[in-house]
Amino acid sequence: MASSQRTDVRPEHQLYHEYTTDVDQARTNVHYEQPPEFFLLITGGEWNVYSANLWDPGTEDDTASQQAKLDLIARLAGLEKGMHLIDVGCGWAGPLTYLCDTYGLTGTGLTLSPTQKGYAEERIARRGTDAKIVLSHWEDYTPPEQVDAIYTDEVIVHFFNLGGFFTKCHDWLKPGGVMINKELHLKHPRHAKLDRGGEFVSQIYGDTGNYRTLAEETRLANDAGFDIERVHHIERRHYETTIDHWLANMHKHAGELKAMVGDQHYRDFRVYLRLARHIQRNVTLDVVVCRRFD
Ligand SMILES: C[S@@+](CC[C@H](N)C(=O)[O-])C[C@H]1O[C@@H](n2cnc3c(N)ncnc32)[C@H](O)[C@@H]1O
């Protein structure tokens, strides 16, 4: 990756660290192995989506905003009854469950976090959803058969070897299958240089953030053999409103959250969310729809 070879950035201020899959898992889980209830209260709504949602006029509540985003994904990917969807980085499986139940899909969710997997399986059992959860790094996973669609939502930022991931996805998909990735993209490579706020956010994720430009992401997808079918831009206000709702949920549930993770972590998480809101000025949020060509 071109960005990993930059020489003008001090190593500790640089994004892009290559780890073994075990170290990657341990570092990523610094964030995701916190109690599910902590994230469920913050993200709110029925689907506990831990990524930007859509807030068009009239959308007031968390559930409606989460469903609006997931319906957009379904529309852009052309999801239809009977398809098999892999959600790489499925969180607590709210998005996978909603998509499978609403669009008649079979689902597979991948996560690195045993705690997320446990909660996700409970949700699937509770709803009787046609889905299963696999605890695996994408590098170690191979589906039993090729699938119709692959979805990631604010997940590929964790992947150092994004080109390797896209190559895997190409193999996992049936010919003509769709890969849809929603992610933040740097407006310019210069924003990869971390200031103090950026370092704080990076540490929250165990320094597993590999932010890229949209151009780099689409080039890597092309290199893996994908056609770029469509790029859908999501306006910045949607992420800002999502974060505002997460902060309001934190405030509303302050007592319970502090009892779960302690005062210091509660405070750090609020700082992280405020910084993440501020960082939006240097990034765009885009959904990239790629198709396996052959
Ligand atoms: C920001 S959360 C997004 C969750 C979900 N996509 C959503 O929108 O609610 C990132 C997710 O990616 C998963 N993840 C991170 N690195 C991964 C990897 N190398 N392989 C599989 N999953 C990974 C994390 O465990 C977590 O579930």
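None of the values given here were measured: they were computed from a predicted structure. Both ligands and their constituent atoms are indexed starting at 1 by order of listing.
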Chemist: Taking the six-membered ring for Trp, are F39 and H31 closer than 6.0 Å centroid to centroid?
Modeler: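 That pair passes the under 6.0 Å test.
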Chemist: For Q116, is at least one N or O under 3.5 Å away from an N or O on ligand 1?
Modeler: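 Yes, Q116 has an N/O under 3.5 Å of an N/O on ligand 1.
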Chemist: Does R212 come within less than 4.0 Å of E217, counting only side-chain N to carboxylate O?
Modeler: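 The answer is no: the pair does not qualify as a salt bridge.
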Chemist: Please write down residue, atom name and distance for the protein heavy atom closest to atom 1 (C) of ligand 1.
Modeler: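 The answer is Y32 OH, 3.1 Å.
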Chemist: For ligand 1, find out whether one of its N or O atoms is nearer than 3.5 Å to an N or O atom of T28.
Modeler: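 No - when backbone and side-chain N and O of T28 are compared with those of ligand 1, no distance drops under 3.5 Å.
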Chemist: When you compare ligand 1 with V155, is there at least one nitrogen or oxygen pair between them that comes in under 3.5 angstrom?
Modeler: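 Such a contact does not occur with ligand 1.
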Chemist: Considering only heavy atoms of E154, which atoms of ligand 1 have at least one such atom less than 4.0 Å away?
Modeler: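 With E154 as reference, the close atoms of ligand 1 come out as 1 (C), 10 (C).
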Chemist: Looking only at distances, please establish whether an N/O atom of ligand 1 is found under 3.5 Å from an N/O atom of Y50.
Modeler: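 N/O-N/O distance under 3.5 Å: yes.
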Chemist: Does a donor on one side chain sit under 3.5 Å from an acceptor on the other, for H17 and D207?
Modeler: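 Result is no, nothing qualifies.
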Chemist: So is there a nitrogen or oxygen of V88 less than 3.5 Å from a nitrogen or oxygen in ligand 1?
Modeler: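 No, since none of the N or O atoms of V88 sits under 3.5 Å from an N or O of ligand 1.
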Chemist: What residue and heavy atom of the protein are closest to atom 17 (C) of ligand 1, and at what distance?
Modeler: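 Answer, as residue, atom name and distance: L112 CD1, 3.4 Å.
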Chemist: Would the distance check show the side chain of N249 and the main-chain N or O of H253 forming a donor-acceptor pair, the cut-off being under 3.5 Å?
Modeler: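 No; zero donor-acceptor contacts below 3.5 Å.
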Chemist: Identify, for atom 13 (C) of ligand 1, the protein heavy atom at the shortest distance, and state residue, atom and that distance.
Modeler: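 The answer is G89 CA, 3.5 Å.
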Chemist: Could you list the atoms of ligand 1 found under 4.0 angstrom from a heavy atom of V49?
Modeler: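 This gives 8 (O), 9 (O) as the contact atoms.
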Chemist: Counting only heavy atoms closer than 4.0 Å, does ligand 1 sit against the backbone of W138, its side chain, both, or neither?
Modeler: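 Both parts.
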Chemist: Ligand 1 versus H137, non-hydrogen atoms closer than 4.0 Å: side chain, backbone, both, neither?
Modeler: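 Near ligand 1, H137 shows its backbone as well as its side chain.
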Chemist: Let me know which of I180, V289, V287, V288 forms a side chain to side chain contact (heavy atoms under 4.5 Å, CB included) with R230.
Modeler: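 Filter result, single survivor: V289.
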Chemist: Side chains of E235 and H238: is there a donor and an acceptor less than 3.5 Å apart?
Modeler: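 The criterion, which ignores hydrogens and geometry beyond distance, is not satisfied for H238 and E235.
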Chemist: Mark the output for W92 as yes if a heavy-atom distance to ligand 1 is under 4.0 Å, and as no if none is.
Modeler: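 The answer is no: ligand 1 sits nowhere under 4.0 Å from a heavy atom of W92.
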Chemist: Establish, from distance only, whether the side-chain atoms of T108 and H84 form a donor-acceptor pair under 3.5 Å.
Modeler: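 There is such a pair (donor and acceptor under 3.5 Å, judged by atom type) between the side chains of T108 and H84.
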Chemist: Does a side chain donor of either E33 or T115 reach within less than 3.5 Å of an acceptor in the other side chain?
Modeler: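 Side chains of E33 and T115: pair found under 3.5 Å.
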Chemist: If you measure from each heavy atom of S136 to ligand 1, is any distance below 4.0 Å?
Modeler: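 Yes, that is the case, since the closest heavy atom of the residue is under 4.0 Å from the ligand.
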Chemist: How far is atom 8 (O) of ligand 1 from its nearest protein heavy atom, and which residue and atom name does that atom have?
Modeler: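 Here the nearest protein heavy atom works out to S51 OG, 2.6 Å.
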Chemist: How far is atom 3 (C) of ligand 1 from the closest protein heavy atom, and which atom is that?
Modeler: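 Protein heavy atom at minimum distance: D153 O, 3.5 Å.
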Chemist: Is it true that a side-chain atom of K132 and a backbone atom of G107 form a donor plus acceptor pair closer than 3.5 Å?
Modeler: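 No, because the side chain of K132 does not come within donor-acceptor range (under 3.5 Å) of the backbone of G107.
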Chemist: Between T111 and Q116, is any side-chain donor less than 3.5 angstrom from a side-chain acceptor?
Modeler: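 Side-chain D/A pair, T111 to Q116: present.
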